[in-house]
Visitor: 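Just passing along the structure, written as structure tokens.
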Amino acid sequence: MGYTWQYYDLVLLGILGSLVAGVVVGRVTPMEPQTTLVAFSALAAVVMAHGLFVNGPVDEPTDLADEVDALN
């Protein structure tokens with residue numbers, strides 16, 4: 001059975017990709033790298049917010065109330 005891409009794999013790649021894009025755009029354009037990195041970090045924050053709040057890791061809010069088994 002091969003590996004299949006999941007939603008949160010794409011979220012992590014989106015975060016990494018936006019930060020790398022900010023550095024690359026800052027290097028190859030006359031814009032300041034600090035400016036581009038801040039702008040693309042805002043894009044990374046939007047991707048994280050979508051992964052957390054729009055398509056969160058739980059199905060229903062009641063799932064957050066489930067007790068967790070002891071680790072030890």
Side-chain angles (χ1 to χ4, degrees):
M1 186 165 124
Y3 183 78
T4 58
W5 288 91
Q6 301 293 322
Y7 173 74
Y8 288 103
D9 296 329
L10 299 177
V11 168
L12 291 174
L13 284 176
I15 294 167
L16 176 66
S18 64
L19 295 177
V20 169
V23 171
V24 169
V25 169
R27 292 283 190 172
V28 300
T29 64
M31 295 180 68
E32 290 290 325
Q34 293 86 0
T35 304
T36 59
L37 192 56
V38 168
F40 281 88
S41 294
L43 176 61
V46 169
V47 171
M48 283 189 280
H50 189 275
L52 287 173
F53 302 113
V54 176
N55 193 9
V58 294
D59 294 327
E60 297 176 7
T62 56
D63 293 341
L64 296 172
D66 292 342
E67 290 187 22
V68 178
D69 294 331
L71 296 175
N72 295 332

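Values in this document were obtained by computation on a predicted structure and should not be read as measured data. What's counted below: heavy atoms across the whole structure, side chains too, no hydrogens, waters or symmetry copies.
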Visitor: Can you list everything that forms a side chain to side chain donor-acceptor pair (under 3.5 Å) with Gln6? Sequence neighbours excluded, please.
Guide: Thr4
Visitor: Applying the 4.5 Å side-chain criterion to the ILVMFWY set and letting contacts propagate, would Leu19 and Val11 be lumped into a single cluster?
Guide: yes
Visitor: Answer yes or no: is there a side-chain heavy-atom contact under 4.5 Å between Tyr7 and His50?
Guide: yes
Visitor: Is the shortest heavy-atom distance from the side chain of Leu13 to the side chain of Trp5 under 4.5 Å?
Guide: yes
Visitor: List the atom of Tyr8, the atom of Gly51, and the distance in Å for their closest heavy-atom pair.
Guide: OH-O, 3.1 Å
Visitor: Starting from Met48, can I reach Leu43 by hopping between I/L/V/M/F/W/Y residues whose side chains sit under 4.5 Å apart?
Guide: no
Visitor: If you round to the nearest 0.5 Å, how far is CZ of Arg27 from OG1 of Thr36?
Guide: 10.0 Å
